[in-house]
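Presented below is the structure to which this report refers.
In this text the structure is predicted, and so the values were computed from the model without any measurement.
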Amino acid sequence: MRPSLLRLSLLLATLSQGVALAQGADPAKALVGTWGGERTYGPEVRGELTLFRDPGGWRASIGGFTATGVLDKQSLTFTLPGGQGDFRGSLSPDGKRITGHWIQPRILVGGVRYATPMELRLLQKDVWRGSVAPLEDRFTLYFVIQEMPDGAIHAFIRNPEKNLGRQGTFRVSLKDGAVSLVETRPGGMRFTGTYDTDAGKLSLNVLFLGTLDLTRLERDQAVGLQPRTPAEPVYTYRKPIADGDGWTTASLADVGMDEAPIRALMQGILDTTPGPTSTPLIEGLLIARHGKLVVEEYFHGQDSERPHDLRSASKTFAPLLVGAAIDQGAKLRPESPVYPLLPGGTALAAQDPRKARITVEHLMTMTSGLACDDNDDSSPGNENTVQDQPSGWYAYTLNLPMAREPGEDTSVYCSAGIHLLGAVLHEATGTWLPELFERTVATPLQMRRHHINLSPDGDAYLGGGLYLRPRDALKLGQLYLSGGVWNGRRVISRRWVERSTARHAEMSPGRTYGYAWWRHELKVGDRVYAEYEAGGNGGQYVMVIPELDLAVAFTGANYGQFALWKRVREELLPRYILAAATRKN
């Protein structure tokens, strides 16, 4: 729009608001429309990293920063001034590559650090270069403000990254440029800010993030709010694209699946319009059958290359790492007692004789007996309580009191116990966990871009929060479906797959538990199918249905809305996807 037309538009909006006020209308009516804003809080350092080796030692250069590197045995490390980032890696025997991880500063939205794998290649003698691509610290907020039939001005909220406000409804008021949005439910959230009529800008105070500026958006500008941008009125199935990441692609017909139920499912997602009613927010859906990727669809601004927060679905990688370590000769077994494996653990076990009986398998099946219950805010081992500790999460967990006998048939959901497997793995392998993950999981599974969240002590947090591309997340399901083999390469033993997915305990009625795999039975018509899954808050799923040779991945944004995202398994999976795999064409 030309400047003169923009000024005219703003003038007309101001005049319209003035007329409305003169007529006694609610001033907040001037805010009706879709508002959105996004802010990226960093990290500042990204782009090309160059490492130099000269007679004086190692130097690093990136984004205007320089640092001195330290080579200790085979490990090369450096830290940028001001805590702007760290690198740790190693030089290949032939000197042509330096592989390692970039560790970014603590992000504001989430409060943790992430390690991202990277590689630098020899550019010329004693010079290596590679690209740093950290996890973006992003926060997006949409408010859709509407006039209700009774004349009240209400708004509903959408925050893709954290589901702030849980899709809640807010009462909107505007007086002398001051804006207030108060959630309608008792004890709900409240936003305050200002409205600049001349600039057409709504500025809101958002928790600890400060002021976020929102502007009016047309339908096709709100990419994270709408299922598809531009709108796709009628879904058209397309065979996924093979892009060199190990997946063979095929059409639904190629693998004997009926396209009609899949089209119906996708159409339902596309027809879900933003509104004040809480709805499933599906951001990605991928299906593989007979080892081939046959469905790959993204919504709400997501795409194939954007890593997604798997939340607790990434817990299932911890037992995979344990199995890989055992296969590679680590002195470790599922029956190994945990406390003697860890420094000072024998003395800690003396606090309660039951601690000496906790095994690695008990941690993987959440039957350790430690006073650790994520569903009980008063539990000393609750995940939030553990993460409130400034450091020493392993030690804190080991010092938890016992609540029950280890190995009982009932599991108690305990993220700290899964994280404690990290201490076991570190001691058994002598390897930093991001390096162990890269070597034993990411590389053989041909994963591309991922980000591993770190505990305050600098090692990977195995209790959840790994960011993976959805295509790479689905590989976890396909790996187990194929008996431990990915793309012709054995990654884990078949015996470990069978042991991991077997029933070890009951988490709740109708839900049993393996090695961080949830187990269910799903009914389709008069048939019942066994299913196991890695599941995470918000609707993150990697699902396996062995009888149908089927692996499915969902990513979603219904964080904190369990009743909504559990519908993925209970309704969408059997009604559409399993029906497509079982219906005769």
Side-chain angles (χ1 to χ4, degrees), residues 246 288 290-291 313-338 340-341 357-368 406-407 409 411 417-418 420-431 433 436-447 462 472-507 511-521 529-535 542-551:
H290 304 328
S314 52
K315 280 181 169 69
T316 310
F317 284 103
L320 173 56
L321 289 171
V322 172
I326 292 172
D327 288 348
Q328 295 170 17
K331 294 181 179 178
L332 193 63
R333 294 291 180 271
E335 300 80 15
S336 299
V338 170
L341 293 171
R357 296 194 287 273
I358 298 175
T359 66
V360 172
E361 182 169 274
H362 293 150
L363 295 180
M364 294 189 292
T365 59
M366 298 194 183
T367 58
S368 69
D409 187 59
S411 297
I418 295 291
L420 191 57
L421 289 169
V424 172
L425 284 162
H426 182 82
E427 291 301 317
T429 65
T431 306
L433 296 178
L436 186 67
F437 181 87
E438 181 67 19
R439 186 180 74 239
T440 61
V441 176
T443 296
L445 289 182
Q446 299 174 270
M447 291 182 176
L462 297 188
D472 290 336
L474 184 61
K475 292 173 183 177
L476 173 65
Q478 187 60 49
L479 175 69
Y480 277 70
L481 183 58
S482 301
V485 174
W486 166 255
N487 218 9
R489 175 178 177 178
R490 180 156 295 283
V491 178
I492 197 75
S493 69
R494 178 176 291 276
R495 183 173 181 272
W496 188 260
V497 169
E498 293 171 349
R499 186 163 185 164
S500 298
T501 57
R503 181 200 187 281
H504 288 277
E506 183 179 72
M507 184 66 74
R511 306 187 75 194
T512 57
Y513 207 64
Y515 288 175
W517 285 104
W518 297 89
R519 304 170 75 258
H520 305 92
E521 291 186 341
Y529 295 94
E531 178 258 6
Y532 58 86
E533 69 189 35
V542 178
M543 301 163 148
V544 180
I545 304 89
E547 187 176 345
L548 297 175
D549 199 16
L550 194 67

_I'd like to know if R495 pairs up with D327 as an ion pair, taking the criterion as any Lys NZ or Arg NE/NH1/NH2 lying under 4.0 Å from an Asp or Glu carboxylate oxygen._
no
_Under a 4.0 Å threshold between the charged nitrogen and the carboxylate oxygen, would E335 count as salt-bridged to R499?_
yes
Over all heavy atoms of both residues, which pair between [X] and [Y] is shortest? Give the atoms and the distance, please.
{"X": "R439", "Y": "T431", "result": "NH1-CG2, 3.9 Å"}
{"X": "G477", "Y": "A551", "result": "C-CB, 4.2 Å"}
{"X": "V542", "Y": "A473", "result": "CG2-O, 3.6 Å"}
{"X": "R511", "Y": "H520", "result": "NE-NE2, 2.9 Å"}
{"X": "Y513", "Y": "M364", "result": "CE2-O, 3.7 Å"}
{"X": "T429", "Y": "L425", "result": "OG1-O, 2.7 Å"}

Under 3.5 Å donor-acceptor, [X] side chain and [Y] backbone:
{"X": "S336", "Y": "L332", "result": "no"}
{"X": "S411", "Y": "T365", "result": "yes"}
{"X": "S368", "Y": "H362", "result": "no"}

Let me have the donor-acceptor pairs involving side chains of residues 315-323, under 3.5 Å, with sequence neighbours excluded, atom names and distances please.
| residue | atom | partner | partner atom | Å |
| --- | --- | --- | --- | --- |
| K315 | NZ | S312 | OG | 2.7 |
| K315 | NZ | Y413 | OH | 3.2 |
| K315 | NZ | S415 | OG | 2.8 |
| K315 | NZ | G463 | O | 2.6 |
| T316 | OG1 | A516 | O | 2.7 |

To the nearest 0.5 Å, what is the distance between [atom1] on [X] and [atom2] on [Y]?
{"X": "I358", "Y": "T367", "atom1": "CD1", "atom2": "OG1", "answer": "9.0 Å"}
{"X": "H504", "Y": "R519", "atom1": "NE2", "atom2": "CZ", "answer": "8.5 Å"}
{"X": "L550", "Y": "M543", "atom1": "CG", "atom2": "CE", "answer": "10.5 Å"}
{"X": "L363", "Y": "T359", "atom1": "CG", "atom2": "OG1", "answer": "7.0 Å"}

*Partners passing ring pair (Phe, Tyr, Trp, His ring centres under 6.0 Å) against Y532 (at least two apart in sequence or in another chain)*: W517
*Could you pull out all residues at least two apart from Y529 that satisfy ring pair (Phe, Tyr, Trp, His ring centres under 6.0 Å)?*
none
*Please indicate whether Q328 has more than 12 foreign heavy atoms, meaning atoms of other residues, nucleotides or ligands, lying under 6.0 Å from its CD.*
yes
*For E427, what residues pass the salt bridge (charged side-chain N to carboxylate O under 4.0 Å, His left out) criterion, not counting sequence neighbours?*
none
_Restricting to side-chain hydrogen bond (donor to acceptor under 3.5 Å, both in side chains), what partner residues turn up for T501, sequence neighbours left out?_
none
4.5 Å side-chain heavy-atom contact, [X] and [Y]:
{"X": "L421", "Y": "I418", "result": "yes"}
{"X": "I326", "Y": "S493", "result": "no"}
{"X": "E531", "Y": "W518", "result": "no"}

Ignoring hydrogens and angles, write down the donor-acceptor pairs under 3.5 Å from the side chains of residues 482-491, residues two or more places apart or on other chains.
| residue | atom | partner | partner atom | Å |
| --- | --- | --- | --- | --- |
| S482 | OG | Q478 | O | 3.0 |
| S482 | OG | Q478 | NE2 | 2.9 |
| W486 | NE1 | Q446 | OE1 | 2.8 |
| N487 | ND2 | G246 | O | 3.4 |
| N487 | ND2 | Q446 | OE1 | 2.9 |
| R490 | NH1 | G483 | O | 2.9 |
| R490 | NH1 | I492 | O | 2.8 |

